[in-house]
Amino acid sequence: MKRHLLSAADLSRDDALLILDTAEELARLADRPIKKLPTLRGRTVVNLFYEDSTRTRTSFEAAAKRLSADVINFAAKGSSVSKGESLKDTALTLEAMGADAVVVRHHASGAPHRLANSGWIRGSVVNAGDGTHEHPTQALLDAFTMRRRLGSFDGRRVTIVGDILHSRVARSNVRLLHTLGAQVTLVAPPTLLPVGVATWPCAVSYDLDAELPKSDVVMMLRVQHERMNAAFFPSAREYSRRYGLDGLRFAAMPEHAIVMHPGPMNRGMEIAAEVADSPRSTIVEQVTNGVSVRMAVLYLLLSGSESAIGSTEETS
Amino acid sequence: MSSYLLRGVRPLGGEPTDLLLADGRISEIGCGLSATGAHVVDADGLIALPGLVDLHTHLREPGREDAETVETGTQAAALGGFTAVHAMANTSPVADTAGVVEQVWRLGQQYGHADVRPVGAVTVGIAGEQLAELGAMADCPAGVRVFSDDGHCVSDAVLMRRALEYVKAFDGVIAQHAQEPRLTEGAQMNEGEMSAVLGLGGWPAVAEEAIIARDCLLAAHVGSRLHVCHVSTAGSVELIRWAKSKGWDVTAEVTPHHLLLTDELVASYDPIYKVNPPLRTAADVEALRAGLADGTIDAVATDHAPHPDEAKDCEWAAAAMGMLGLQTALSVVQQVMVDTGLMSWAEVADRMSTRPARIGRVDGHGRALEVGAPANVTLIDPSASWTVEPHALASKSRNTPYRTMTLPGTVYATFLRGNATVLDGKLA
């Protein structure tokens, strides 16, 4: 029985399309005066967040509440975790409280896998971002946004630009977009690409200007300021000059092409303000779509005795 | 002192004969021996090897007796066929003084399951800044000959040079944990295809190989002995082969887990597979096997590293590095080296007893099975197999990556100076 969403790699093409189609249906709710469905009434969804995240946590919270689930927010700061409680003991506590699903964000890659496969909890586990591994619901909402803007995935060229090495968004997007039939190209300075990237189902380039004219989608990733001190690139200005999406580069993109960013942005660093605020930027739309996609994921994992998507790994 | 008559045993896997162990020595070898009062062991089908010697064991005492003690660790050693183990220095307090190494050595003597040869720290507190009193540790009753900051690389080139030079005065050897620290900041697993997919910090092969290359050159420059701990990459094997071809006094060890397991296991995110150096690729495993078979790698060493359950029952990044090894080492070596035809039992004896004893300057161990030699003997049944049950191991900890695996070969008996420490597969 499929019970968890741990990685975009767990999703078949049919799984992914089912989530996107379900999200489309649920998105229509947002236009109604009463935005709530009774589907998950009596179910408990725990948001277990070990990292600060306003965007993703509130998105999951809104999604669960619109499906009438009871939501418990468990943040690591100011909790038993800050007193040194282990992931296992926190999980056992949540299990004892009757969590039907645990939405987990963790700084350690693989923490959701451990939650799902160590026998600590019986509920479904949804990966809301783990370390530098994956962020599958972000990739799903990105795919949802692309499909709405561009219609289909087949043969579409998606260029993902920035700190690929440390990006869970990039990993999930490469997996999911490949599954859906898009062609992905990663653009980054060589220092911010992982050793081993050559085996990923995508192309790699160091030259943003060469990729822009053939892109249907340009996804800019956030560049953390601390990367500068670790010699990944010489300075923010140099990074911005070589890999930032400014007005000139924006003009080199095809007219139908869209600009995406998972947020939070560094305006003036990886993306110019005029680009971020352009009508071809989907950044705010992505946030809206995030709620619909996360509703679809929770709905498909939790409603009914067998979930329709996700990982087949058992917890027993 | 009891004596043992081993009937029909095959020394190093050769022709069956009888072996009489009496007065702590091998007193007779030949067919049809008899000895009144001797305990007769029907050793038909069993292979006799010189007692195994481990160059790399973590016994955790003093300081982490919740994970292992000298008593439980040496019990595991005896059950694994070892008659001598080297106890690594990263205890608490660190084994960087004569007092600590002598305590560990005496505990080994007291329990008597295996000889314990303490390894002395190279630097005070294994902090990599100031040489520990190496001479004092060499001169004390523990007679330390192997010095290592294991777990930490002596990365400072000048300090490493001085250590290599200094221990020449008492025939010591520096056993280096080769890990360039800057290249491995935040490292969680082998850097390659798997780390890219799993989003875990990479531990590149070059971080091991760069230190090995430097250390070989340093050892050659000052004419010292260098031992390289747990080599894990194909490139390391090449470098050591090159250093040996120059005639330099460089030796190396490989662990059983690096001979069998690969980094693909990390996809489970189960920290039972978290170890330092990390599990590498199938190509590395193949090169390590070839290097051990052709003698480039001198020894199999366990890097037995017990950890309590909570250190592994957690997310990968929070978990401790290391895995148990003493009771499974010989079986893993049989599976990957002997049953594959890469090595004979005589070569197993060379890599797991003779050469490690020579590297550690361990008197009385690693000797040929001949009349007059100390009766340090291991009897194994190569046709038996067993399934690894973590709770059934003698170690206080259960962090074995081989749990539920069925491995070939069992240790039937271990004799330490003629006394059975293990008989019929159980502690004697």
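Order of the sequence lines fixes the chain letters, A, B, ..., with proteins taken first and strands second; residue numbering starts at 1 for each chain.
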Are any side-chain N or O atoms of A:Arg114 and backbone N or O atoms of B:Pro271, one a donor and one an acceptor, separated by less than 3.5 Å? no
Does A:His178, at its NE2 atom, have more than 12 non-hydrogen atoms belonging to other residues, nucleotides or ligands within less than 6.0 Å? no
Would you find more than 12 non-hydrogen atoms of other residues, nucleotides or ligands less than 6.0 Å from B:Glu286 atom CD? no
Heavy-atom check, side chain of A:His113 versus side chain of B:Trp316, under 4.5 Å: no
Side chains of A:Leu115 and B:Glu315 in contact at under 4.5 Å (non-hydrogen atoms): no
What part of A:His106 gets within 4.5 angstrom of chain B, counting heavy atoms only: side chain, backbone, both, or neither? side chain
Using heavy atoms and a sub-4.5 Å threshold, report which of residues 187-195 of chain A line up against chain B, by residue number. A:Pro194, A:Val195
Ignoring hydrogens, what is the shortest heavy-atom contact between A:Gly196 and B:Ala196? Give both atom names and the distance. C-CB, 4.2 Å
Which one, B:Gly199, B:Ser268, B:Ala317, leads in non-hydrogen pairs under 4.5 Å with chain A? B:Gly199
Going by heavy atoms in the side chains, are B:Tyr269 and A:Pro112 under 4.5 Å from each other? no
Using non-hydrogen atoms only, which part of A:Arg175 is less than 4.5 Å away from chain B: side chain, backbone, both, or neither? side chain
Atom CD of B:Glu264 with >12 non-hydrogen neighbours under 6.0 angstrom: no
Applying a strict 4.5 Å limit to non-hydrogen atoms, the region of A:Ser86 in contact with chain B is neither
Checking B:Val266 against chain A: side chain, backbone, both or neither under 4.5 Å from a heavy atom? neither
Spatial distance of atom CG (B:Leu198) from atom OG (A:Ser109) [nearest 0.5 Å]: 8.0 Å
What distance separates B:Asp309 CG from A:Lys88 NZ, expressed to the nearest 0.5 Å? 7.5 Å
Working to the nearest 0.5 angstrom, can you tell me the gap between A:Trp200 CH2 and B:Glu193 CD? 11.5 Å
Rounded to the nearest 0.5 Å, the SG atom of B:Cys314 sits from the CG atom of A:Asp89 at a distance of 11.0 Å
Is there side-chain contact between A:His133 and B:Leu200, with heavy atoms separated by less than 4.5 Å? no
How would you list, by chain and number, every residue that makes a side chain to side chain donor-acceptor pair (under 3.5 Å) with B:Thr233, sequence neighbours excluded? B:Glu209, B:Ser236
